[in-house]
Amino acid sequence: MTVSVKYNNFFAYSSKGKKYFNTIFAEGINIVHGKNTSGKSTFIQAILYTFGINDEKRKLAEILNEGVIFRLDFTIYNSSSKKVSIVRDDEIVSIKVAKRPPIKFGSSTLGVEFAP
């Protein structure tokens, strides 16, 4: 069975800094481009961090000091399609699959496997 993932939207918000970033991914291939130090790597690291990959935390330290909350919306396609949202707020990751209630994982459970 073939499984594919389509990213739909990525949102980052800092109430402390009163700043936000939002992008909607287009159909097909999306290219992240810009000059050196414009934030391309930070954008990719923020997506990985949203998934609960804490290795990116030290790389994002300056941004995380602003109290940023990240949200990634995507669709998983296999025999059917499932809309998934992941919200990362510091050490808490919340995952919502389709119409099911969200599941929250704290820092002590971030290594737990989750099958949507």
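Every value quoted in this text rests on a predicted model; they were computed, and no experiment measured them.
Take K57 and apply the side-chain hydrogen bond (donor to acceptor under 3.5 Å, both in side chains) test, not counting sequence neighbours, and it matches E91. For E27, the salt bridge (charged side-chain N to carboxylate O under 4.0 Å, His left out) partners at least two apart in sequence or on another chain are K6.
The stretch residues 28-48 participates, sequence neighbours left out, in these ring-ring contact (aromatic ring centres under 6.0 Å, His included) pairs: F10-F43, F21-F43. Listed by first then second residue, pairs satisfying side chain to side chain donor-acceptor pair (under 3.5 Å) with a partner in residues 64-76 read N8-T75, R71-D73, R71-S85, D73-S85, not counting sequence neighbours. Within the structure, the salt bridge (Lys or Arg N to Asp or Glu O under 4.0 Å) test picks out no pair touching residues 10-26 (sequence neighbours left out). Listed by first then second residue, pairs satisfying ring-ring contact (aromatic ring centres under 6.0 Å, His included) with a partner in residues 71-90 read F51-F74, not counting sequence neighbours.
Side-chain contact check for I76 versus V84: some heavy-atom pair is nearer than 4.5 Å.
Considering OG1 of T50 and CD1 of I69, their distance stands at 11.0 Å, rounded to 0.5 Å. Between atom CD1 of residue I47 and atom CD1 of residue I86 there is a gap of 11.0 Å, rounded to the nearest 0.5 Å. Note that the CG atom of N78 and the NZ atom of K82 stand 5.0 Å from one another [nearest 0.5 Å]. Rounded to the nearest 0.5 angstrom, R100 CZ and I95 CD1 are separated by 11.0 Å. In this structure, L64 CG and E56 CD are separated by 10.5 Å, a value rounded to the nearest 0.5 Å.
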> Yes or no on side chain to side chain contact (heavy atoms under 4.5 Å, CB included) for N22 and N9, after CA distance, side-chain angles and deciding distance?
Replying inline: CA-CA 7 Å; N22 186 57; N9 186 65; 3.1 Å; yes
>> Using the rule given for side chain to side chain contact (heavy atoms under 4.5 Å, CB included), can you reason through L60 versus T42, listing the C-alpha separation, both sets of side-chain angles and the distance that settles it, and then say yes or no?
In response: CA-CA 7 Å; L60 296 171; T42 302; 3.7 Å; yes
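In plain terms, the two heavy atoms of G34 and K40 that are nearest each other are O-NZ, 3.1 Å. Across every non-hydrogen atom of R88 and G52, the tightest pair is NH1-CA, 3.2 Å. Contact detail for A12 and V68: the closest heavy-atom pair is CB-CG1, 3.9 Å.
Transitive grouping of hydrophobic side chains (ILVMFWY, heavy atoms separated by less than 4.5 Å) keeps V87 and I24 in distinct clusters. Both I44 and I63 are assigned to one and the same hydrophobic cluster, defined by single-linkage of ILVMFWY side chains at heavy-atom distances under 4.5 Å. Y49 is connected to V5 through a chain of hydrophobic side-chain contacts under 4.5 Å among Ile, Leu, Val, Met, Phe, Trp and Tyr, so both are in one cluster.
A distance-only check finds a donor-acceptor pair linking the side chain of K96 to the backbone of A98 [under 3.5 Å]. Using a distance-only test at 3.5 Å, with no hydrogens or angles considered, no donor-acceptor pair links the side chain of Y7 to the main chain of A26.
Residues Y20 and Y13 place their aromatic rings such that the two centres sit no closer than 6.0 Å.
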